[in-house]
Amino acid sequence: MRELVAIRTEDVLPDAAAVLESLDVPAGAMNGGRSDRLVREAIGILAAEAAPKGVFEEISREEFEAIYRGEGRNASETPLDRIHPRATDLGLFAGTAGEAVSARIAGLFDSRDFALAASLDAAASHAAERTGEILRDLFVDRLCARARSAPRPAALAYSPGYCGWDVSGQRALFAALRPQEIGIFLNESCLMQPLKSVSGVIVAGSPEIHVFDDSYPFCAACATHGCRDRIRHATAGAKV
Amino acid sequence: MEILQRIAQELELGEVDSVGSLTREAIAAGLAPKEILDRGLIAGMNVVGDKFREHEIFLPDVLMAAKAMYAGMDELKPLLVRDGTPSRGKIVIGTVQGDLHDIGKNLVAIMLRGAGFEVIDLGNDVAPARFVAAAKDSGASLIGMSALLTTTMTAMRKVTALLAEEGLKGKVRTIIGGAPVSAEYAREIGADAYAYDAANAIQRVKEMIG
């Protein structure tokens, strides 16, 4: 199963509160003020410039293991080491908010519209994340359509650069998925171009497979521990 | 109200046009460019930095003030160059190799310029050798490095190691920042300082070379 997906821009636009939160503006602190207006302007630019799209492709466990080994630079133990063998289905994905948005952010910084540039940057990050979520949900939709009697699996995405999966893993992921077809490329440091892009593996299965403690050595240096919210979301309503 | 005070106040409000025109007015009145810089623009940015540190204002406010600061600097820069006025110090800054998250780094660069430092911004995904070469080429006495990912913060160690290898440790000092790094990590990799946010970075840089 491989699918190229054009996504509607309105489906990836964040709300102003989320962007303000990304800019560390406390909820309500600037309600109706100039930060509010700025963020709304940024979302307007995003709506005009974004061209979200993505690709996903189902892969076997063996294929993923080879991709995950990558160049042998992962942490010695990672959550995915334990999670992926218990998955029922695996899919690679890559998505982007589009090159025009990244170019516009750079242009705003160059023209010293720093505040608008930072607001657009934050809004575009949300759009890229949302693109990834849409691809994940579509992948699960396709799985469900294929196996009509099965319950909908809990799916989470994991990406190179996070949770012990070294960013060099992007090379193997890109070789397998070929997102160049939709205009996403890797540079020498394994960073994606356009900048506002996401990639990784979608792991589908029972909710409990996604549960892990944030006690890996690399977790100590993680500032967000965003995995906690992701796990809570993936396991909501399930007994794990 | 004294014109320099007005420049500082308009800058705090992010009033780009006012800061530009008031700076021109101050120049026309015969005030020394260095005095306009220190008591007008930098004084205003210092207040902005203090308020940001105290969470009285937020990132968008700082960035709007920075744009106003640049408008004033546009007027002053040719005069400062003509007078041979030295900057407070030269700093090479960048996001480390493999990392594209540069909003925090951009903010630090903008605020450092606002505080009167000369900043050579190498952008994101900067290889260790490039940091060191830029410091050598420019004569900068400080390298600032930013990382957002636990998987890329290790590149900071390569820069401190390279500086030591080239006999530059102590001559070119280092400061690190970004979500996954800490004071303890700075000590572990031999960096000279750690900053927990942009306002703190400016404070630490002033202590180190200002």
Side-chain angles (χ1 to χ4, degrees), chain A residues 19-20 22-26 29-30 33-39 42 73-75 102 105-106 108-109 111-122 125 159-170 187-197 216-224, chain B residues 13-16 52 55-71 73-74 95-107 109-111 113-114 121 123-127 130 147-155 177-182 184-185 188 196-198:
Chain A
V19 180
L20 284 166
S22 297
L23 294 169
D24 287 332
V25 178
M30 297 298 238
R34 61 181 182 175
S35 290
D36 242 6
R37 289 196 297 276
L38 196 70
V39 163
R73 295 185 193 174
N74 295 346
S102 296
I105 294 166
L108 286 169
F109 269 116
S111 63
R112 300 176 180 174
D113 266 326
F114 306 124
L116 187 56
S119 302
L120 181 56
D121 186 279
S125 292
S159 298
Y162 296 88
C163 301
W165 187 359
D166 193 81
V167 73
S168 61
Q170 289 278 36
N187 73 6
E188 283 181 3
S189 302
C190 295
L191 297 180
M192 288 181 282
Q193 307 289 339
L195 282 179
K196 297 301 176 188
S197 300
Y216 291 86
F218 48 80
C219 298
C222 177
T224 66
Chain B
L13 297 170
E15 296 294 343
V16 175
F52 182 53
H55 307 293
E56 290 174 28
I57 60 171
F58 303 101
L59 178 60
D61 305 289
V62 177
L63 295 173
M64 284 186 256
K67 185 177 181 184
M69 167 90 191
Y70 278 54
M73 279 302 292
D74 282 346
T95 303
V96 298
Q97 189 162 38
D99 208 320
L100 53 82
H101 300 91
D102 62 0
I103 286 292
K105 180 270 298 171
N106 288 344
L107 177 61
I110 288 163
M111 288 179 72
R113 288 188 181 115
D121 185 349
N124 60 26
D125 189 20
V126 180
R130 229 180 118 214
L148 194 81
L149 303 175
T150 56
T151 48
T152 57
M153 62 194 260
T154 50
V181 304
S182 62
E184 190 188 350
Y185 185 68
E188 185 190 319
Y196 53 79
D197 66 15

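By convention in this document, chain letters (A, B, ...) are assigned in the order of the sequence lines, proteins followed by strands, and residues within each chain are numbered from 1.
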Show your working on side chain to side chain contact (heavy atoms under 4.5 Å, CB included) between B:N106 and A:F109 and close with a plain yes or no. CA-CA 9 Å; B:N106 288 344; A:F109 269 116; 3.4 Å; yes

Turns out that what part of B:D99 lies under 4.5 Å from chain A's heavy atoms comes down to backbone

Starting from the C-alpha separation in whole Å, work towards a yes-or-no answer on side chain to side chain contact (heavy atoms under 4.5 Å, CB included) for B:D125 and A:N187. CA-CA 10 Å; B:D125 189 20; A:N187 73 6; 3.0 Å; yes

Test item: B:D74 and A:R112 side chains (from C-beta on) under 4.5 Å apart, heavy atoms: yes

Got more than 12 heavy atoms from elsewhere within 6.0 Å of CD, B:E188? yes

At a 4.5 Å cut-off on heavy atoms, which part of A:L38 comes close to chain B: side chain, backbone, both, or neither? side chain

For A:S111 and B:K67, which heavy atoms make the closest approach, and how far apart are they? O-CE, 4.5 Å

Between CZ of A:F114 and CE of B:M69, what distance do you get to the nearest 0.5 Å? 11.0 Å

Nearest heavy-atom approach of B:G98 to A:L191 is O-CD2, 2.9 Å

So which atom in B:L63 and which in A:A118 form the shortest heavy-atom distance, rounded to 0.1 Å? CD1-CB, 3.5 Å

Region of A:D24 that comes under 4.5 Å of a non-hydrogen atom in chain B: backbone

As an exercise: rank B:V62, B:I110, B:L148, B:L59 by heavy-atom pairs under 4.5 Å with chain A and give me the winner. B:I110

